[in-house]
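The figures here come from the full heavy-atom set of this structure, side chains too, leaving out hydrogens, waters and symmetry mates.
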Amino acid sequence: MGRFSIPMKGFVLFCLWAVIAEAEYLKYKDPKQPMVTRIKDLMKRMTLEEKIGQMTQIERKVALPDVMKQYFIGSVLSGGGSVPAPKASAEDWINMVNEIQKGALSTRLGIPMIYGIDAVHGHNNVYNATIFPHNIGLGVTRDPDLVKHIGAATALEVRATGIPYAFAPCIAVCRDPRWGRCYESYSEDHNIVRTMTEIIPGLQGDLPANSRKGVPFVDGKSKVAACAKHFVGDGGTMRGIDENNTVINSNGLFGIHMPAYYDSIIKGVSTVMVSYSSWNGERMHANRDLVTGFLKDRLKFRGFVISDWQGIDRITSPPHANYTYSVQAGVSAGIDMIMVPENYKEFIDALTLLVKDNIIPMSRIHDAVKRILRVKFTMGLFENPLADLSLVNQLGSQEHRELAREAVRKSLVLLKNGKSTSQPLLPLPKKAPKILVAGTHADNLGYQCGGWTIEWQGVAGNDLTVGTTILSAIKKTVDPSTQVVYQQNPDANFVKSNEFDYAIVVVGEVPYAEMMGDSSNLTITEPGPSTINNVCGAVKCVVAIVSGRPVVLEPYVEKIDAVVAAWLPGTEGQGVADVLFGDYGFTGKLARTWFKSVDQLPMNVGDRNYNPLFPFGFGLTTQAVKMN
């Protein structure tokens, strides 16, 4: 035995050395190591295939565990309305996200994927989530603290479903209400949009005092990575046509559309999404000067830049006409993560070839991957890649619904109150023998939530999710002795013959989202105008307009006693009744100009020929009534 002892000791020492080396080998998995060390250590181990996989974001429908493993996919998303099952529970979402994550973790290096979703007015794809007013209403409040609380509530509800990344906020400055995404914009005034970037620390958490400018930050498992979008000028396109051309000089672009990005970056936003639109004819997805030169180099943004859905495809016209060129142009411009979202093999093959042929340098790939990993490490995804059930009770919680109800109250704008100022109609008395509620939007939860709710383009009716319609809210608010008669579109004779004390008419636009929502006429959806005429010609009436933007109102204003801009209030319709009946006063001021006629558009505050129906900043006020 004696003559084997020295070799045996050597073997044991070798094994010990191997164990230590193995620990060193996994340095990137050690949370005690500085982030720079972890990123460097991981990147030196990654193959080109693994790096390109990190740059690839695919739709959950194609994100099978085997696909995640084989192609080293770095990110997955739910498109609008893409859910694990109709009316899926928080647990259903968590199970789905975790299954996909397990595929990513089973790869050689075990790099977790990051799952993203459009949570643009609450967690709006998810059944039973709190749906907050769309941004157009929140801009009216001019209340950054409220918006920060909405961000924090949204983060909790998104995390409740196992998702750590929200494609929000939209910081577009909508300059033409004909644009179908105008409701996603807080205001035509960039100063209001800038203050509303306070939603970012709500979503992500407050930056530590010693943070470096431009470095992304996410404060643990109750917060999400945010995404400032759409860079840049999406709200300034000609005639409000979606994805079109923003024709404006540098002073206009940097003075109107860019400022909110400065604030977002200072607040540590993790990601920035590029706009489909062009600036003076150049597609933003191919604009290296702005994406790399300005956003990354000048503003020192250190998070990652993500494309929009098939955004690089649309660099060419028609889209996808020369995909290899689109990949080259988009990645060379500085886009780090590509929302493919389905033809991932084509994207991976094209980018791999471009790198191997030295058309795209490895330095560009390394910049992209470093940024993506920085966000993942910052969020703690490596330490906590799998979601648990600890936050499921946050989804649609009463506390969040009360916050949304407050937001609704503060978002309402009183445009007219009485045919003479000496005889205001609002607040309405709760006690009256008989009142009429009319209009297509009075008892339609889908209409009051608008687009980007459960489905991409929104849904009509009351079965889409859990919430309170305006009609239900009215019935809950009035005195038990008050008879509430609901007739969607009554004729004038019915109104006259019933001797109503007053009427509440709720009309507006039907839901829409990008592309489908562009409108050249901006009219109230039929039969809204005839409902206004039939009701308001026969009885004292207040008309609440449920819409994603100002609409043509001038022909009806004289006939109406009181007008309220209710925007797209979301699930908590009780907030509308709170103010109509005087439990709270009206405080909202227009954050958009209300035009007289579409021929005046675009027309924004400060323009030379400014002659609106209701100017930017307008809003009548009322006082809360103690008892009525």
Looking at side-chain heavy atoms only, is the closest gap between [X] and [Y] below 4.5 Å?
| X | Y | result |
| --- | --- | --- |
| Q57 | I306 | yes |
| Y115 | S75 | no |
| L386 | L105 | yes |
| M55 | D336 | no |
| S185 | N135 | no |

Quiz item: Where do P216 and S270 come nearest, in terms of heavy atoms and distance?
Solution: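 P216 and S270 have their closest heavy atoms at CB-CA, 3.6 Å.
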Without hydrogens or angle criteria, can the side chains of [X] and [Y] be said to hold a donor-acceptor pair below 3.5 Å?
| X | Y | result |
| --- | --- | --- |
| D92 | S89 | yes |
| H121 | T453 | yes |
| K27 | T37 | no |
| Q54 | K376 | yes |
| S222 | R159 | no |

Quiz item: F304 vs Y165 aromatic rings, parallel, tilted or perpendicular, using cut-offs 30° and 60°?
Solution: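 The arrangement is perpendicular - the two ring planes meet at more than 60°.
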Quiz item: Listed by chain and number, what are the disulfide (SG to SG under 2.5 Å) partners of C182, not counting sequence neighbours?
Solution: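 Disulfide (SG to SG under 2.5 Å) list for C182, sorted by chain: C174.
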Self-check item: Over 12 foreign heavy atoms within 6.0 Å of CD, E346
Solution: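 More than 12 heavy atoms, drawn from other residues, nucleotides or ligands, come within 6.0 Å of this atom.
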Exercise. Assert yes or no for the condition that the ring centre distance of F254 to F294 is strictly below 6.0 Å.
Key: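 Centroid distance F254-F294: below 6.0 Å, so yes.
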Quiz prompt | Test: R314 cationic atom under 6.0 Å from Y276 six-membered ring centre, within 45° of axis | solution =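 Output yes; distance and angle both within limits.
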